[in-house]
2 protein chains.
Amino acid sequence: MTKIDEIAKMCNVSKTTVSRVLNHHPYVSEEKRNQVLKVIKELDYTPSSLARQLRANKSQTMAISVPAIDHPFFSQLIKGVSSKALEKDYKVLIFQTFYNVATEMEMLDLLKNKEVDGIILGALENEWSSIKPFLKYGPILLCNEYHDSAAVPIIGYDEFDAAYKAVSHLIERGHKKIGFCCDTPSSQAQQLRKEGFIKALLENDLQCEEDWMFDHAFSIQDGFRVFTEMSSLADKPTAMFTGNDQVAAGIIKKAMVAGCRVPDDLAVIGYDNQFICQVTTPTITTIDTPIAELGQQAAAKLIKNLGKNAEMKREVVRLPTKLIVREST
Amino acid sequence: MTKIDEIAKMCNVSKTTVSRVLNHHPYVSEEKRNQVLKVIKELDYTPSSLARQLRANKSQTMAISVPAIDHPFFSQLIKGVSSKALEKDYKVLIFQTFYNVATEMEMLDLLKNKEVDGIILGALENEWSSIKPFLKYGPILLCNEYHDSAAVPIIGYDEFDAAYKAVSHLIERGHKKIGFCCDTPSSQAQQLRKEGFIKALLENDLQCEEDWMFDHAFSIQDGFRVFTEMSSLADKPTAMFTGNDQVAAGIIKKAMVAGCRVPDDLAVIGYDNQFICQVTTPTITTIDTPIAELGQQAAAKLIKNLGKNAEMKREVVRLPTKLIVREST
DNA sequence: TTACAGTCTGGTATCGGTAACATGTCAATA
DNA sequence: TATTGACATGTTACCGATACCAGACTGTAA
């Protein structure tokens, strides 16, 4: 690698002068500036960003954590974050926690020693009390996750409202026995959904039946599993809030194969309005969520706060969602 | 941030001794070692990896480029790479090129100044001649891409064989008018598929019809588009090699809605054996590709070569694929 | 003529670690 | 007793950049 000293030597100037040229400082004569630029080009010199990072104590990099990248929701979220970051000239380090507490801590260490300037948590594996101490090292932001006492910006959907809308829709369609799927039950964001679900039920004098609640439902496979479990119940729900289009697709497919008609025998509602909703038979009624927008807003907010070294304050943004009615309800 | 000097001062030793403890060097007395470890724990000290990286001139980080992360194929590929990298204690910087030549060059610059130690190219936007000069800065590896003259390891599927198998299957089912979809037509990996496609046709005295070739087909939406374009043809194909499960799903859905029966009027074969194949109606015949395995092997090969500073040699690995017959053919 | 501000340039310390080399101790060996 | 080598520790340079301070030169106002 060519380094700044070599350029300096070739131009008979000090490396300070070369550095000034690189950083567009005034007070460099036109003549030397041109000469330095010429030599830089000739030698194809790129300054070491590692050295710069060390010196400046910042990295122009942010990290985002997700449980796993291969779920459409998270890959789209990341895409949103990345596109905004790219626009603002930040790099993005993507971290998959694989639902692992220790991996998440490793990522937080990146913040501690300034390998990244800030972090977006798209997953929350540890207790908040474990994460809190890292706030002094740089900004952290919750995206698509929720915590009631975290003193950081939180940006997500109005999960409560979304679930309420979805379940109300099922009730309007005449259903009285409604099931509920969620992914990680300990997640507070999932709790909010559950509260919305329950509110809609209670408003219509319906009960929340423990047997109709399913956990860790995230993928198409999980949808298969949920349908199988559900089928074995003596008293089966006639409608399902799945919390996830993949799960909805899985349930619907298994149902159709089993001769259970959707939506007549079983209505199913998804979440996120992924394209998969449009290719199943029947197509899937769902909640439209602006995922890319979510990612972009999160990244924008983080970047805005990277300059200041004031700690970020709690602030909850809930993006609106929309019910999209299709054939599965 | 606590730094190594502070630890040294607190322990009344030199920072070299602290460094020795950190790096598990021998020749540190048990007594001092324990004392240092104790103080490190007390002050919650983490060494700056930025400083380490600068000093060692390596970063324990690899980069992988993909066109966009939100396509299931690429997110699964990345997952494979990441899991292997995590296991070997490497970080992964994920780079989305967004099909952009300049963004790809930016990533290559990371290699030049050792922000990353090596690169896996899962996308290939620039001409190889633009990429080749970067080989002197560190190992580069092609994954799921192909280039006939690149002197680097290439790891992908046997695309030729896969397409050949798929199309032969369609022909066995009695089809004589077979269409072909690909994503970026300039990609040499796509070319290999096309050659396999053509070989199967020629062996059965069939022609490759220009009107039945579709470009830039990647997503469900693209599948919708392809079906629409196809429908407007006077002479329509009766079978489609889509090169991609999403495209297959899109085509199938539009076909069914339009009253075109699958597979009777139109047979469709996918590629990658994504879960989506199992939730459409009809389910999708496809080529099973071990995507995670591909990513893991790529990462493993790269890591193996990061230690040595010898340039990597050309070496082509083609993982086998398998035909999975379902209802769409 | 002197003083001072503005322009241009270089020397040196610094970011936070690690490596090479030097030094010193102590016990085993010749 | 002198020599050797294993062990233990510290001093100093270095990775590749930038920031601060100081010095030199120029032009204009006092």
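In what follows, chains are A, B, ... by sequence order, proteins preceding strands, each numbered from 1.
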Short side-chain N/O contact to D:dC7 OP1/OP2 from B:Y27, under 4.0 Å: yes
B:N100 and B:E125 side chains, donor-acceptor separation under 3.5 Å: no
Protein-nucleotide distance (B:I7, atom CD1; C:dT18, atom P), rounded to Å: 12 Å
Distance below 4.0 Å between B:T16 side-chain N/O and D:dT9 OP1 or OP2: no
Residue met sooner reading DNA chain D from 5', once B:R20 and A:A51 are mapped to nucleotides: B:R20
Gap between atoms CD and P, on B:E31 and D:dT9 respectively (whole Å): 8 Å
Rounded distance (Å) that lies between atom P of D:dA19 and atom CG of A:L54: 13 Å
Gap between atoms CG and P, on A:L22 and D:dA19 respectively (whole Å): 12 Å
Nearest-nucleotide pick for A:T17, side chain only, options being D:dA8, C:dG16, C:dT9: C:dT9
Contact under 4.0 Å: B:K15 side-chain N or O vs C:dG16 OP1/OP2: no
Rounded distance (Å) that lies between atom P of D:dT11 and atom NZ of B:K9: 13 Å
Whole angstrom value for the distance that separates P of D:dA8 from CD of B:Q35: 15 Å
Spacing of B:H25 atom NE2 relative to D:dA6 atom C1', expressed in whole Å: 17 Å
OP1 or OP2 of C:dT9 under 4.0 Å from side-chain N/O of A:K32: yes
Working for side chain to side chain contact (heavy atoms under 4.5 Å, CB included), residues B:Y157 and B:N144: CA-CA 7 Å; B:Y157 302 121; B:N144 192 50; 4.2 Å; yes
Any B:R52 side-chain nitrogen or oxygen under 4.0 Å from OP1 or OP2 of C:dT18: yes
Polar contact flag, side-chain donor to acceptor under 3.5 angstrom, B:N113-A:S48: no
Below 4.0 Å: OP1/OP2 of D:dG10 and any side-chain N or O of B:S14: yes
Base of D:dG16 paired with side chain of B:R55 (donor-acceptor, under 3.5 Å): no
Atom-pair distance (CG on B:N57; C1' on C:dG17), nearest Å: 14 Å
Distance test, side-chain N/O of A:S19 to OP1/OP2 of D:dT18, below 4.0 Å: yes
Neighbour count >12 (heavy atoms, 6.0 Å) for atom CD, B:E293: yes
Ion pair check, B:K84 and B:E87, cut-off under 4.0 Å: yes
B:N23 side chain near C:dT18 phosphate (N/O to OP1/OP2, under 4.0 Å): yes
